[in-house]
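Structure record follows, encoded as structure tokens.
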Amino acid sequence: MSESEQQEKYQESELYRIRHSAAHVMAQAVLELMPEGKYTIGPAIENGFYYDFDLPRNLTPEDLTQIEKRMRQIIAGNHPFVRKVVSAEEARQIFKDQPYKLELIDGLEQGQFDEDGNPLESKPEISIYSDDTFTDLCRGPHVETTRQINPSAIKLMSVAGAYWRGDEKNKMLQRIYGTAWKTPKELEQYLWQLEEAKKRDHRKLGKELEIFFFDDEVGPGLPLWLPRGAVMIEELEALAKEVEHDGGYDRVRTPHVTKEDLFIRSGHLPYYAESMYPPMELEGVKYYVKPMNCPMHHKIFGSLPRSYRDMPVRLAEYGTCYRYEKSGELFGLMRVRSMQMNDAHIYCSEEQFEEEFMAVIGLYLRYFEIFGVDKYVMRFSTHHKNGLGKKYIDNERLWLKTEDMVRRAMDNGHVPYVEVPDEAAFYGPKIDVQIWSAIGREFTLATNQVDFAVPARFDLKFINAKGEEEVPLCIHRAPLSTHERFIGFLIEHFAGNFPVWLSPEQVRLIPITDGQNETVKAMAKRLSALNIRASVDVSSSRMNAKIRQAQLFKIPYMLVIGEREMNEGTVSLRKRDGSRQDDLALDNFIEMVQDKIKSRSREI
RNA sequence: GCCGACGUAGCUCAAUACGGCAGAGCAACUCACUUGUAAUGAGUAGGUUAAGGGUUCAAGUCCCUUCGUCGGCUCCA
């Protein structure tokens, strides 16, 4: 099912009507509290609803409690929702004191926008819905009466700022988020899910598991990786190198700063100057810290004469980039200012495009298999002709041609995707892979873009079989995203219980008394020599405390060694999941662990 | 960047809707205990309450500024 089909199905559902109706009830309650307030739009969304208001003062948490209470009273009144079709003139009369509604009516009348501000295909009829004392400009649908909203299954969640019509040039409104379900049990379930998600939050676990942290003095969005995090980074890089070696990639390395000219040539500067660190000037020349690697890879491609026999050329680099994300946009490891990208650029001819493109999709699938990602959507972002020459390179013919190539490749390869208009990169269409972690939180990680424009700006060419010069296409791809975002995802996806190969510490050896300390140290040394990440706990704590400690660090294997094991050369294996295997020969354990690591198994 | 909330020991949190001696658990350190699968006991140390300014006899608490984090909006090559 496509995203829009799912959307349609949701809009026809009872839950959607309940949530949309709850938004109206909430608006009534808010306006009773502040009658001079102006109301704008209030749609149902995933898991709930919101309503945006322009109010004379800021809402407080106490207000929310009051509003929620009043909502329950209104619901109990069992007021019917009454629909009425009106003319634009009548609507203007009804909402004469509501400037935002008047603006929406204009949009509806001209057939431009619906009452939620979304673009319209055709001119709709204008309808209003009333219940109790409240009337709203609204297409519906709603429940029949307020009673069909379960007063014990609604909850107001938070107040947030939101720009009118989502445009940062417009006024900032106050948005109240609420959630509504059919039964209190469903509400409870939803709240429980939120709690569970909090426990897996990568910011919390990242600190607890000593993976990374941020320091005020270093700067916002600039993570410091602790030894445990560095191990994970190196494992991911090893994986990428292996996979990219198989895929015929060559590794390259490029500097972190370059002259301004490079970004003028690439065309990035006018589009992205605001989110780049400002330039530094040396001997009259401006240098920028690089926000992406592509221009330098283009230079490497262009540094040698290329024949069709060399194509495709695949240049890979875990490049370190810096982007000046606006302060409010930073979010743990998911949105940072310094990052290392699993980057590569594939230069190919048009004939080679489909095969190369599908090979990249194949990489995604291979990674999904390794990490146990079973739900994903390929979002195919295309241009919109209104943006040509502004957001996008002004060459409609090439846009349509390239988008068609991508569409054909995905159709032929039976890759399910949804098309998202007007979200392409400036130089070409892109595919973002949206995935869901084990708890259903959504992430956009892997991405690739098809660039039909920038190679020409760099005069890139190869000599084709006919002996003519030809400009290559370039596929930008980053299946593992950035280390920052990907590890953030992995922490939440696995709740810190990483597969053995990725675990910062794979084995913890625990002596029962001091008498086993030397034996345990010798065992750890042996494991280390075999590249198994092992450590010993010879602290003065009791064994139980040591186990608890290892358990909290989510170390996959604990080896408990007492006098009996010491004498027999065995170990007592306790796994992270609590299972236990006694009298295991150390050699057998080693063999088992090596197998798990080598196969990158997700089982322990 | 914008709207709002928040910032107390390494971590988690206290400090009476209203200003009155800055506290606890865990972690750390010391000592004792030598233990069989998720916390042994006792003791010690740890703070310019994010930073700066103001009001007050008195500020963690009230006011202002800055920084940072969080919930959203906007943005994400």
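These numbers come from a predicted model, not from an experiment. Protein chains get the first letters and strands the later ones, always in sequence-line order, with residue 1 at the start of each. Hydrogens, waters and symmetry mates are skipped; everything else that's a heavy atom, side chains included, is used.
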Note to self: A:R542: which residues meet the salt bridge (charged side-chain N to carboxylate O under 4.0 Å, His left out) condition with it, sequence neighbours left out?
What the structure shows: none
Next item on the list: Kindly say if A:R203 contacts the phosphate of B:rG71, meaning a side-chain N or O under 4.0 Å from OP1 or OP2.
Entry: yes
Check: Is a side-chain donor-acceptor pair under 3.5 Å present for A:T254 with A:K290?
Finding: yes
Check: Mind checking what makes salt bridge (charged side-chain N to carboxylate O under 4.0 Å, His left out) contact with A:K204, not counting sequence neighbours?
Finding: A:E208
Note to self: Holding to side chain to side chain donor-acceptor pair (under 3.5 Å), I want the full list of residues that pass it with A:R57, two or more places apart in sequence or in another chain.
What the structure shows: A:D63
Notebook entry, point to check: How would you label the contact of A:Y272 with the nucleic acid (heavy atoms, under 4.0 Å): base, sugar-phosphate, or nothing?
Noted result: base
Distance-only criterion, 3.5 Å: show the donor-acceptor pairs between side-chain atoms of residues 573-582 of chain A and protein atoms not counting sequence neighbours.
residue	atom	partner	partner atom	Å
A:R574	NE	A:Q551	OE1	3.0
A:R574	NH2	A:Q551	OE1	3.0
A:K575	NZ	A:I604	O	3.3
A:R576	NH1	A:F498	O	3.0
A:R576	NH1	A:K554	O	3.1
A:R576	NH2	A:F498	O	3.0
A:D577	OD1	A:S579	N	2.8
A:D577	OD1	A:S579	OG	2.7
A:R580	NE	A:D582	OD1	3.2
A:R580	NH2	A:D582	OD2	3.2
A:D582	OD1	A:S572	OG	2.7

Next item on the list: Tell me which residues in residues 559-569 of chain A put a heavy atom below 4.0 Å from RNA chain B, sorted by number, or none.
Entry: A:V560, A:G562, A:E563, A:R564, A:E565
Next item on the list: Please list, chain by chain and in numerical order, all residues satisfying side chain to side chain donor-acceptor pair (under 3.5 Å) with A:K171, sequence neighbours excluded.
Entry: A:D54
Next item on the list: Could you check whether A:F331 gets within reach of a base, just the sugar-phosphate, or nothing at all, counting any heavy atom under 4.0 Å?
Entry: sugar-phosphate
Margin query: Please enumerate all residues that pass side chain to side chain donor-acceptor pair (under 3.5 Å) together with A:Q516, with sequence neighbours excluded.
Written below: A:T513
Next item on the list: Could you work out which one of B:rU34, B:rU40, B:rA77 sits closest to the side chain of A:T513?
Entry: B:rU34
Check: Nearest to the side chain of A:A160, which nucleotide is it out of B:rG72, B:rA77, B:rA38?
Finding: B:rG72
Between the protein and nucleotides 7-15 of chain B, list every N/O to N/O distance that falls short of 3.5 Å.
none

Notebook entry, point to check: Without hydrogens or angle criteria, can the side chains of A:D52 and A:Y100 be said to hold a donor-acceptor pair below 3.5 Å?
Noted result: no
Margin query: Of the listed nucleotides (B:rA39, B:rC2, B:rU35), which one gets closest to any side-chain atom of A:R548?
Written below: B:rA39
Item checked: Out of B:rC73, B:rA77, B:rG71, whichever nucleotide has its closest atom nearest the side chain of A:K430 -> B:rA77
Check: When the aromatic ring centroids of A:H384 and A:Y392 are compared, is their separation below 6.0 Å?
Finding: no
Next item on the list: Remember a base hit wins even if backbone is also touched, and classify A:P220 as base, sugar-phosphate or nothing at under 4.0 Å, heavy atoms.
Entry: sugar-phosphate
Atom pairs under 3.5 Å: protein N/O with N/O of nucleotides 45-53 of chain B:
none

Check: Starting at the 5' end of RNA chain B, what dot-bracket string do you get if Watson-Crick and G-U pairs under 3.5 Å are bracketed, crossing pairs use [ ], other-strand pairs use | and unpaired bases use dots?
Finding: (((((((..((((......[..)))).(((((.......))))).....(((((..]....))))))))))))....
Notebook entry, point to check: B:rU74, B:rA38, B:rU35: which one has an atom nearest the side-chain heavy atoms of A:I547?
Noted result: B:rA38
Checklist line | Sorted by number, the residues of residues 447-459 of chain A with heavy-atom contact under 4.0 Å to RNA chain B | finding: A:Q449
Next item on the list: Look at A:E329 together with A:R323 and state whether they make a salt bridge at an N to O cut-off of under 4.0 Å.
Entry: no
Check: Going by heavy atoms closer than 4.0 Å, what residues in residues 341-348 of chain A are next to RNA chain B?
Finding: none
